[in-house]
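These notes concern the structure reproduced below.
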Amino acid sequence: MPRSLEPLDLTVQIPYHFRCPISLELMRDPVTVNTGQTYDRSSIESWVATGNTTCPVTRAPLTDFTLIPNHTLRRLIQDWCVANRAFGVERIPTPKQPAEPSLVRSLLSQAASESNPTHSRLSALRRLRGLARDSDKDRSLISSHNVREILVNLVFSSSQSLEMSHESLAILVMFPLAEFDCVAIASDPERVSCLANLLFHSSIEVRVNSAALIENVIAGTRSSDLRLQISNREIIFEGVIDILKNPLSSPRALKVGIKGLFALCLVKQTRHKAVSAGAAETLIDRLADLDKCDAERALATIELLSRIQVGCTAFVAHALTVPLLVKTILKISDRATEYAAGALLVLCSASEQSQKEAVCAGILTQLLLLVQSDCTDRAKRKAQMLLKLLRDSWPEDSAGNSDDFVCSEVVPF
């Protein structure tokens, strides 16, 4: 590579030594390897992660994979960015350095030791939480140090302060649980009761973290009996739905609430408890506030609940159910369209009033567009069945024929 200035655009050039030799882009976190060469951290980490054991520039063996931050070069790059701000160059932020394994081990040991003062253990937990929140790499490092077992014990220990329990819970929900951990929680009625009670804590953060852990446990438990033991508690449905009802709920709270409710409703035997707790009304009222993925889960939950009599009745009674479902078709995603069509098929099959509302909302045009779209085959089959069901409200020569099709089941996320 020629050692010259290369143009970034018509007015500004990046100095050669500010570019990463691997990506050829401006370095944001320059680090030096044992051969003395400097690379952008993300580039050299990807290089090593793919099995390379030599220096990309010198081809000398990397005998030590320690990456030493090149603070001097990073400051020079930042100064250059500031000097060229008029040309649209943004100053690179000062990167946070990844945690050292020794620090993580020390913090976990400090937090787990019952002989340490409570304030010292709390301080260690808060530092761990900060590290886990900072980067995926730090989270992966913490995860490799038996953190789940330590945190599960701290969350449910009766001898610890409530503040320590809540702090441990906040960290625990950042990590995926092994099935062993899920079974250990789900099979213990006292632990399940503890999580259920936390759903009504005065702190919304504690309530959301409790709902997140409940969802993780249900999703990570293959035993249908254990999932039933959790979802059989009405208080859990009430707590999760209250999170969704809360007008001050953050995007994370809504996401956790929808994921939790969907996981609970996958247990067929207890879906009526969700309806009794107000799930139908809450899902319809909140649907417009959700992002794509959460809206898909909400629509899947609506279809699940509409299949039971009390759920179907509750959705039919809500004036916005049918118009919102019709509006959703072809608007969010193929999966969302499929679930909306499935729910409408159930509701219109059970209620002539829903049929009239659907036609008034423009469903016939939506269904004809759906049948001709690139949507999933399942969605098209449901659309054809709806067209046949609504044929009295549509010209006979345009009605779809779906005698050979059946409605599919909702697929878990």
Side-chain angles (χ1 to χ4, degrees), residues 28-29 31 41-42 45-46 48-49 65-67 69 93-114 116-157 160-182 184-185 191 194-195 198-199 201 203-220 243 249-257 259-260 263 293:
R28 304 179 66 83
D29 187 5
V31 293
R41 182 185 294 276
S42 60
E45 286 181 341
S46 298
V48 173
F65 292 99
T66 301
L67 305 178
T94 301
K96 292 184 177 180
Q97 299 305 313
E100 293 293 332
S102 58
L103 172 63
V104 171
R105 287 193 294 269
S106 174
L107 291 174
L108 285 172
S109 175
Q110 185 178 344
S113 176
E114 295 185 2
N116 286 335
T118 299
H119 68 85
S120 176
R121 300 174 71 185
L122 265 175
S123 176
L125 286 171
R126 286 169 180 153
R127 288 195 65 187
L128 281 169
R129 185 180 181 184
L131 292 175
R133 190 172 47 222
D134 282 346
S135 71
D136 293 338
K137 185 174 181 180
D138 286 348
R139 196 155 48 248
S140 177
L141 174 63
I142 296 171
S143 179
S144 67
H145 284 78
N146 196 33
V147 66
R148 296 172 187 81
E149 182 179 348
I150 293 173
L151 292 175
V152 167
N153 290 334
L154 289 175
V155 168
F156 298 107
S157 174
Q160 311 301 335
S161 70
L162 291 178
E163 194 173 4
M164 274 193 61
S165 174
H166 299 161
E167 195 68 36
S168 301
L169 176 62
I171 304 172
L172 182 59
V173 296
M174 295 183 183
F175 301 94
L177 297 180
E179 185 177 7
F180 172 83
D181 300 313
C182 295
I185 296 173
R191 289 182 169 183
C194 174
L195 290 176
L198 288 177
L199 289 172
H201 193 272
S203 166
I204 184 63
E205 182 184 17
V206 173
R207 293 162 60 189
V208 171
N209 288 335
S210 177
L213 185 54
I214 289 172
E215 189 273 331
N216 289 344
V217 170
I218 294 176
I243 292 174
S249 288
S250 64
R252 175 179 178 256
L254 290 177
K255 180 177 292 292
V256 168
K259 289 181 69 175
C293 190

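The shown structure was predicted, so the numbers you read here are calculated from the model rather than taken from an experiment. The residues of the chain are indexed from 1 along the displayed sequence.
Other residues, nucleotides and ligands place more than 12 heavy atoms under 6.0 Å from the CZ atom of Arg191.
Scored by the side-chain contact (heavy atoms from CB on, under 4.5 Å) test, Ser123 finds no partners at all (sequence neighbours excluded). Not a single salt bridge (Lys or Arg N to Asp or Glu O under 4.0 Å) links Glu149 to another residue, sequence neighbours left out. In this view, His201 and His166 satisfy the ring pair (Phe, Tyr, Trp, His ring centres under 6.0 Å) rule, not counting sequence neighbours. With sequence neighbours left out, the side chain to side chain donor-acceptor pair (under 3.5 Å) criterion links Arg126 to Glu163. Residues forming a salt bridge (Lys or Arg N to Asp or Glu O under 4.0 Å) with Arg129 (at least two apart in sequence, or on another chain): Glu167, Glu205. Partners of Arg139 under the salt bridge (Lys or Arg N to Asp or Glu O under 4.0 Å) rule, at least two apart in sequence or in another chain, are Asp136. With sequence neighbours left out, Arg207 forms a side chain to side chain donor-acceptor pair (under 3.5 Å) with no residue at all. Arg28 is linked by a salt bridge (Lys or Arg N to Asp or Glu O under 4.0 Å) to nothing, counting only residues two or more places apart in sequence or in another chain. Take Ser102 and apply the side chain to side chain donor-acceptor pair (under 3.5 Å) test, not counting sequence neighbours, and it matches no residue. Ala211 is linked by a side-chain contact (heavy atoms from CB on, under 4.5 Å) to Leu199, Val240, Ile243, Val256, counting only residues two or more places apart in sequence or in another chain. By the side chain to side chain donor-acceptor pair (under 3.5 Å) test, Ser113 pairs with Ser115, sequence neighbours left out.
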Report all side-chain donor-acceptor pairs from residues 170-180 shorter than 3.5 Å, counting only partners two or more places apart or in another chain.
residue: Glu179; atom: OE1; partner: Arg222; partner atom: NE; Å: 3.1
residue: Glu179; atom: OE1; partner: Arg222; partner atom: NH2; Å: 2.8
residue: Glu179; atom: OE2; partner: Arg222; partner atom: NE; Å: 3.2

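Between Ile214 atom CD1 and Leu195 atom CG the span is 5.0 Å, to the nearest 0.5 Å.
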